[in-house]
Amino acid sequence: MAINQSRIETLNQNPVQSGDYILYWMQSAQRSEYNHALELAISKANQHKQPLVVYFGLTDDFPQANLRHYQFMLEGLKEVAVQLKERRIKFILKLNSPPTGAIKLAQAASLVVTDRGYLRLEKKWRSEVAAKINCPLLQVETNVVVPVAEASDKQEYAAYTLRKKIKGKREDYIRPIEQLEVEQSSLDLEISGIDLRDIETIIDKLDINRSVSPVKKFKGGYSQAKELLAEFIAAKLADYPDLSADPTVDCLSHLSPYLHFGQISPVEIAREIKQAASPGEEEFLEQLIVRRELAINFVHYNQNYDGPLEKILPDWAVETLNEHESDKREYIYSEAELEQAKTHAPYWNAAQEEMVLTGTMHGYLRMYWGKKILEWTAKPETAFQLALKLNNKYQLDGRDANSFAGVAWCFGKHDRAWAERGIFGKVRYMNASGLERKFEIDRYLAKINQLKKD
DNA sequence: ATCGGCTCGCGCAA
DNA sequence: TGCGCGAAGCCGAT
């Protein structure tokens, strides 16, 4: 089945060159399965009777990334290298800035294909490559179900406005992808890259922040993602509507980090979920498609997604937070106190510890956690920056569109006004009593205590 | 245990 | 122009 045209965009006006190969510059879709960019690149290679080279640029100064993220990403890339080799495609990993390497390799390419990213740096890299190469640059949108501009032409106000727009289009995009075979192998081409069989050696060479250790619980890569997905469908999906909000039980897919690095496709996940024909289907697809793509809509149409808040939030939220900026705070914690989980609030401390230890935090607690940072910090803008910083440092899915949208939600983004109160103004308030009322939250404390002992 | 009120603005129906 | 309703809210009254 052909790739939907609305996934594809030409980023420059260059004619096809008579080069030695077609190049796929892989960046946001780090996988061989269900990768529309890769399949388009293969079809272009076959059409021009050329081999396909896949390149990935590994830069050690990616903003806010640390050892935890590099380890997870390289575990995934190691698997990509094996899978591409089986498909007779050469995978070249270079230790350089992604666009720099792409521009170099494009000199001998007839045409370049890349995947789409929505953050500022990802967009900047692509326009730089588009401008500096002589051949065409085709961008393929493969990390979403519904392409961002196809879903909506503007920044959406809330989930309900996007949901309506996605509803009718969703099914057209949840469809299988035809996995093509290359007619010409590129394995014999003499282009050198880093050997991915030994990722420890690669990591040793990188000049990166090593203060955050890799997590034991989750290993990167497509096969790990598939295992988690299968386990989720078999054991959790049916209970998802009832239990997904409860931090004391594990009724989550844990796929967010894999989606973040493009190690698995949301289209493949959606297909498997639908095939399961489970009562949890709609609730899960709501998270996977509506909520996730609302976050992508946000960062795509609002390039101030990391602040300041006045450029992110609706007017009512900006006004109300401003009005309450000098309200007295009962507790004000420093960055270090928050980071080290030294507050008076046990559930908050436990959530922070979960994030530091495991690279993830239960979704419900992410909201409570962010709300309390707003409450315990001198100014909303400082709170927002601090919450983002901690989130992006420790979460395996940090820096994702979901990170920016999720943290902004705690300050009123994609939400509505509520009864006015101190500090929060009309921004939705959450407290520990809510956790106690809804869940047997002490079990969460026990779980985290156990985690600390292991 | 359950319920209404709090409060804003989008987007559809009219 | 009116109106329904929205990521998981809280709080006080019954």
Side-chain angles (χ1 to χ4, degrees), chain A residues 151-168 236 239-253 256 280-299 301-302 309-310 312-324 327 330 345 347-348 351 361-375 380 387 391 397 400-441 444:
Chain A
S152 169
D153 59 4
K154 61 168 190 181
Q155 184 182 184
E156 290 296 324
Y157 187 79
Y160 70 92
T161 59
L162 181 67
R163 189 177 298 117
K164 278 185 283 204
K165 298 181 182 182
I166 281 183
K167 202 178 176 192
K236 301 172 187 172
D239 292 325
Y240 191 77
D242 291 332
L243 299 180
S244 64
D246 190 341
T248 69
V249 295
D250 178 356
C251 194
L252 305 172
S253 72
S256 182
E281 174 181 322
E282 267 315 310
E283 281 78 358
F284 186 78
L285 293 182
E286 165 76 12
Q287 302 304 313
L288 177 73
I289 305 174
V290 176
R291 302 302 316 188
R292 179 167 180 270
E293 294 182 12
L294 176 65
I296 292 170
N297 167 280
F298 165 50
V299 300
Y301 287 112
N302 188 339
L309 280 173
E310 61 185 35
I312 292 176
L313 303 181
D315 293 344
W316 68 264
V318 174
E319 283 165 23
T320 197
L321 287 175
N322 282 341
E323 279 174 27
H324 290 271
D327 288 1
E330 195 176 343
Y347 312 133
W348 194 95
M361 186 193 294
H362 191 281
Y364 195 93
L365 289 173
R366 289 191 193 208
M367 298 187 285
Y368 168 75
W369 176 87
K371 294 283 184 187
K372 290 296 128 179
I373 296 179
L374 166 58
E375 188 175 339
N391 178 88
D397 61 4
D400 195 85
N402 278 315
S403 298
F404 297 105
V407 173
W409 179 85
C410 298
F411 295 75
K413 183 72 181 174
H414 297 150
D415 204 6
R416 60 157 157 145
W418 296 87
E420 192 161 5
R421 60 156 60 227
I423 304 172
F424 286 78
K426 291 165 184 170
V427 171
R428 183 197 300 254
Y429 178 69
M430 289 176 83
N431 63 11
S433 320
L435 295 172
E436 287 162 352
R437 190 173 62 246
K438 294 182 173 79
F439 314 112
E440 293 178 55
I441 195 70
Y444 177 69

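Residue numbers start from 1 in every chain, and the chains themselves are labelled A, B, ... in the order their sequence lines are given, proteins ahead of strands. Every heavy atom of this structure was used, including side-chain atoms; hydrogens, water molecules and symmetry mates were not. Keep in mind it's a predicted model, so treat the numbers as computed, not measured.
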J.: With a 4.0 Å cut-off on N to O distance, would you call A:Asp397 and A:Arg366 a salt bridge?
T.: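 Salt bridge: yes.
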J.: Could you list, one pair per line, each protein nitrogen or oxygen that sits under 3.5 Å from a nitrogen or oxygen of nucleotides 10-14 of chain C, together with the distance?
T.:
residue: C:dC10; atom: OP1; partner: A:Asn431; partner atom: OD1; Å: 3.3
residue: C:dC10; atom: OP2; partner: A:Arg437; partner atom: NH2; Å: 2.0
residue: C:dC10; atom: OP2; partner: A:Lys438; partner atom: NZ; Å: 3.2
residue: C:dC10; atom: O3'; partner: A:Arg421; partner atom: NH2; Å: 3.2
residue: C:dC11; atom: OP1; partner: A:Arg421; partner atom: NH2; Å: 3.0
residue: C:dC11; atom: OP2; partner: A:Asn431; partner atom: ND2; Å: 3.1

J.: Looking just at side-chain N and O atoms, do A:Thr248 and A:Glu440 make a donor-acceptor pair shorter than 3.5 Å?
T.: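 No, no side-chain donor-acceptor pair sits under 3.5 Å.
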J.: Going by the ring-ring contact (aromatic ring centres under 6.0 Å, His included) test, name the single residue among A:Tyr364, A:Tyr444, A:Tyr347 that passes it with A:Phe439.
T.: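 Testing each of A:Tyr364, A:Tyr444, A:Tyr347 against A:Phe439, the sole residue satisfying ring-ring contact (aromatic ring centres under 6.0 Å, His included) is A:Tyr364.
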J.: Can you name the salt bridge (charged side-chain N to carboxylate O under 4.0 Å, His left out) partners of A:Glu436, sequence neighbours left out?
T.: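 Partners of A:Glu436 by the salt bridge (charged side-chain N to carboxylate O under 4.0 Å, His left out) criterion come out as none, since no residue qualifies.
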J.: With the criterion being N/O to N/O and under 3.5 Å, what pairs connect the protein with nucleotides 11-14 of chain B, and how long is each?
T.:
residue: B:dG11; atom: OP2; partner: A:Lys154; partner atom: NZ; Å: 3.1

J.: What are the two closest heavy atoms between A:Glu156 and A:Asn297, and how far apart are they?
T.: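 For A:Glu156 versus A:Asn297, the nearest heavy atoms are N-OD1, 2.9 Å.
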J.: Using side-chain heavy atoms (C-beta onward) and a distance below 4.5 Å, is A:Asn402 in contact with A:Arg292?
T.: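 Yes, close enough: below the 4.5 Å cut-off.
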J.: Rounded to the nearest 0.5 Å, what's the gap from CD on A:Gln155 to CD1 on A:Ile312? Could you check?
T.: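 Taking CD in A:Gln155 and CD1 in A:Ile312, the distance rounds to 9.0 Å.
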J.: Would you say C:dA7 has OP1 or OP2 under 4.0 Å from some side-chain N or O of A:Arg163?
T.: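 Yes, because at least one side-chain N or O of A:Arg163 sits under 4.0 Å from OP1 or OP2 of C:dA7.
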J.: Let's test your reading of the pairing rules: Watson-Crick or G-U wobble, both distances under 3.5 Å, then write DNA chain C as a dot-bracket string with ( ), [ ], | and dots.
T.: ||||||..||||||
J.: Do the side chains of A:Glu281 and A:Glu283 get nearer than 4.5 Å, heavy atoms only?
T.: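 The answer is no, as the side chains (C-beta and beyond) never meet within the 4.5 Å cut-off.
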J.: Does any non-hydrogen side-chain atom of A:Arg421 lie less than 4.5 Å from one of A:His324?
T.: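 Sidechains of A:Arg421 and A:His324: no contact.
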J.: Say you pick atom C1' in B:dC12 and the same atom in C:dA7; how far apart are they, in whole Å?
T.: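 22 Å, rounded to whole Å.
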J.: Do you know which two heavy atoms are closest between A:Gly370 and A:Cys410, and how far apart they sit?
T.: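 Closest pair (atom of A:Gly370, atom of A:Cys410, distance): CA-SG, 3.8 Å.
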J.: With a 3.5 Å cut-off and sequence neighbours excluded, list the donor-acceptor pairs that the side chains of residues 314-323 of chain A form with protein atoms.
T.:
residue: A:Trp316; atom: NE1; partner: A:Tyr157; partner atom: OH; Å: 3.3
residue: A:Thr320; atom: OG1; partner: A:Lys426; partner atom: N; Å: 2.9
residue: A:Asn322; atom: ND2; partner: A:Val318; partner atom: O; Å: 3.3

J.: What residues from residues 239-249 of chain A pass a heavy-atom cutoff of under 4.0 Å to DNA chain C?
T.: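 Here the set is A:Ala245.
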